[in-house]
Amino acid sequence: MATNFGGYQAYQKNKYQTASPHKLTLMLYNGAIQFAGKAKEAILQQDIQQTNTWVQKTQDIVYELMSSLNLKEGGEIAKNLKNLYSYVVDQLIQANIKKQPELIDEVVHILSELKSAWESIGKGGTLG
């Protein structure tokens, strides 16, 4: 039974390339939350290598979110988000070093709150 894996890959790539900036940000939040959950599972299973892999993937997404901030035009909100993202990265580093799942829980909580706020903006809501 043959599968059209190339077609699926093209579809997946197109999905990201054609998404709006708002939708892309939601995808980043979803990915970071998912990867952080996998990092927590790896910590609980005492799998050091997988913990490191998933923490790094989560960090990569948070760095991407941070790099997308427009600090010049975003004012106080962008500055506060940058500080929050920096805190999240610090928590991920500590979780990776200390193998403490509760630090991952805090990261997931923060990212979930940000995702929820971002979703509300997409539905016509505002921050603040």
Nearest-0.5 Å distance that lies between atom CG in L84 and atom CE in M66: 9.5 Å
Of T58, N52, T51, the residue whose pairing with N96 passes side-chain hydrogen bond (donor to acceptor under 3.5 Å, both in side chains): N52
Minimal non-hydrogen separation, I61 against A32, with atom names: CD1-N, 3.5 Å
4.5 Å side-chain heavy-atom contact, D60 and F35: no
CD-CD distance between E41 and Q50, expressed to the nearest 0.5 angstrom: 12.0 Å
Shortest non-hydrogen separation from K40 to P101 and the atoms involved: CG-CB, 3.9 Å
NZ (K82) with more than 12 external heavy atoms under 6.0 Å: no
L111 reachable from L103 in the ILVMFWY side-chain graph, under 4.5 Å edges: no
Over 12 foreign heavy atoms within 6.0 Å of CD1, I48: no
Short side-chain to backbone donor-acceptor contact, S112 and V108, under 3.5 Å: yes
Rounded distance (nearest 0.5 Å) linking atom CD1 of I33 with atom CG of L28: 11.0 Å
Single-linkage hydrophobic cluster L44~W54, side-chain heavy atoms < 4.5 angstrom: no
From CG (L114) to CG (L26), nearest 0.5 Å: 11.5 Å
Min side-chain heavy-atom separation L24-M27 under 4.5 Å: yes
Over 12 non-hydrogen atoms of neighbours within 6.0 angstrom of NE2 in H109: no
Any side-chain donor near an acceptor of the partner, Y87 and E106, under 3.5 Å: yes
side-chain contact (heavy atoms from CB on, under 4.5 Å) between Q49 and D47, worked out: CA-CA 6 Å; Q49 185 175 353; D47 186 334; 3.9 Å; yes
With Y85, the side chain to side chain contact (heavy atoms under 4.5 Å, CB included) member among D90, V62, N80: V62
Co-membership, hydrophobic cluster, residues Y63 and L81, 4.5 Å side-chain: yes
Sub-4.5 Å side-chain heavy-atom contact between L92 and I104: yes
Geometric cation-pi criterion K115 and W118, 6.0 Å radius, 45° cone: no
Straight-line distance of E102 CD to I43 CD1, nearest 0.5 Å: 8.5 Å
Spatial distance of atom CD (E64) from atom CD (Q59) [nearest 0.5 Å]: 14.0 Å
